[in-house]
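What follows is a short report on a single structure.
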There are 2 protein chains.
Amino acid sequence: MKTLRSDCPVSRSLDIWGDKWSLLIIRDLFLAKQLTYGELLKAPEGIATNILAARLQLLEQSGLIEKLDHPDSKAKVLYKLTPMGVDLLPIMIEINLWAEKYFPIPADRKAMLKEVKMDKEGFIKAAMKELKRA
Amino acid sequence: MKTLRSDCPVSRSLDIWGDKWSLLIIRDLFLAKQLTYGELLKAPEGIATNILAARLQLLEQSGLIEKLDHPDSKAKVLYKLTPMGVDLLPIMIEINLWAEKYFPIPADRKAMLKEVKMDKEGFIKAAMKELKRA
DNA sequence: AGATAGTACTTGCAAAGAGCAAGTAAAGCA
DNA sequence: TGCTTTACTTGCTCTTTGCAAGTACTATCT
């Protein structure tokens, strides 16, 4: 998805992360804060390695994620969300809440959403602060 | 996207509407409440007619939209969101808010978002009620 | 009633993207 | 110094997308 289709904010957003994989990568980065290439590859949905590489590059170009040197090894790379990427959290939360309403979802995720529903704004604020700190 | 990739709620959601076009169709239905095939085809992003037909069918199968007889003509069909589709509104709103933060967006959409920001919960509740009524 | 036009699609084909398997390069480890 | 790990890349096939054209039903006009 290379060309800008319109200046509608929904369209602009989808031009960046509106594919089958980007939001799953972003989900994993929300849950883990930072991951190596190999760890991202292990996502249960089974993304192909070339697709992962392409998406990571696109997300980095778009400013949603950034590459970091791994503290333990030069062979490893860490990926994490930029502030712009962290700002996707409210969208991610709403997606989870929507899906929870219509599909059975894993218990651990359900537990997280219980917290969210008790104080959505507070949860998001705290989570975003934590993500932007690290 | 036919196969279920995992039971993660994000993945489940993307399996249904995680492509380049579905959320744009849904956006148009949010803005207009109900539209004919031809009206959906006129979206500024320029969706191809075969793609539109395929997406409408998939969204209908998934329970997000429904077909209605047009009151004025048997030749026309009306598409509108089901309650399940209307429940996507919070996601749609958050997408708009995110995009507004990082891209220039049209003035009319900006005006709507100003309202949203004054009372997000109230805005969403009222809009959803109105959409589910019609 | 017959011809013209609008509406909602379908079909055929070329181009782009996704997905699989294998390969490469740099770094760490024994 | 070789074996492994890590992060990719490359080549190829298959599916999906997107364009152009066509079809069928309905409506309108004369």
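Chain identifiers are assigned alphabetically (A, B, ...) following the order of the sequence lines, protein sequences preceding nucleic acid strands; residue numbering begins at 1 within each chain.
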side-chain hydrogen bond (donor to acceptor under 3.5 Å, both in side chains), that's the test. Do B/Glu45 and A/Ser6 meet it? Break it down for me.
CA-CA 6 Å; B/Glu45 289 83 12; A/Ser6 84; 2.6 Å; yes
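Between A/Lys20 and C/dG19, a side-chain N or O to OP1/OP2 separation shorter than 4.0 Å is present. An OP1 or OP2 oxygen of D/dG18 is reached within less than 4.0 angstrom by a side-chain nitrogen or oxygen of B/Trp21. Close to C/dC9, at under 4.0 Å from its OP1 or OP2, lies a side-chain N or O of B/Lys67.
Atom pair A/Lys76:NZ and D/dT4:P shows a separation of 17 Å (rounding to whole Å applied). Atom-to-atom, OH of A/Tyr37 to C1' of D/dC8 comes out at 5 Å; the value is rounded to the nearest Å. The distance between atom CD of A/Glu39 and atom P of D/dT6, rounded to the nearest whole Å, is 9 Å. Following rounding to the nearest Å, A/Asp15 (CG) and C/dG17 (C1') show an atom-to-atom distance of 16 Å. In this structure, CD1 of B/Ile51 is placed 17 Å from P of D/dA21, rounded to the nearest angstrom. Distance CG (A/Asp69) to C1' (C/dA26): 14 Å, rounded to an integer number of Å. A straight line from NZ of B/Lys74 to P of C/dC9 spans 16 Å, rounded to a whole angstrom. If you take NE2 of A/His70 and P of D/dC8, they are 13 Å apart, rounded to a whole angstrom.
Nucleic acid contact class of A/Thr49 (heavy atoms, under 4.0 Å, all strands): base.
Here D/dT17 is the nucleotide among C/dG12, D/dT17, D/dA7 with the atom lying nearest to any side-chain atom of B/Arg55. Closest approach to the A/Val77 side chain among C/dC9, D/dC8, D/dT9 is made by D/dC8 (side chain taken as heavy atoms from C-beta onward). Out of C/dA8, D/dG18, D/dT10, the shortest distance to the side chain of A/Asn50 is found at D/dT10.
Around atom CG of A/Asp108, more than 12 heavy atoms belonging to other residues, nucleotides or ligands sit under 6.0 Å away. In this structure, A/Glu121 places its CD atom where only 12 or fewer heavy-atom neighbours from other residues, nucleotides or ligands lie under 6.0 Å away.
Taking the ring centre of B/Trp21 as origin, the terminal cationic atom of A/Arg5 falls inside the region bounded by 6.0 Å and 45° from the ring axis.
Between B/Tyr79 and A/Asp72, the residue anchored closer to the 5' end of DNA chain C is B/Tyr79, taking for each the nucleotide with the nearest heavy atom.
Between the side chains of B/Tyr37 and B/Thr49, a donor-acceptor pair is found at a separation under 3.5 Å.
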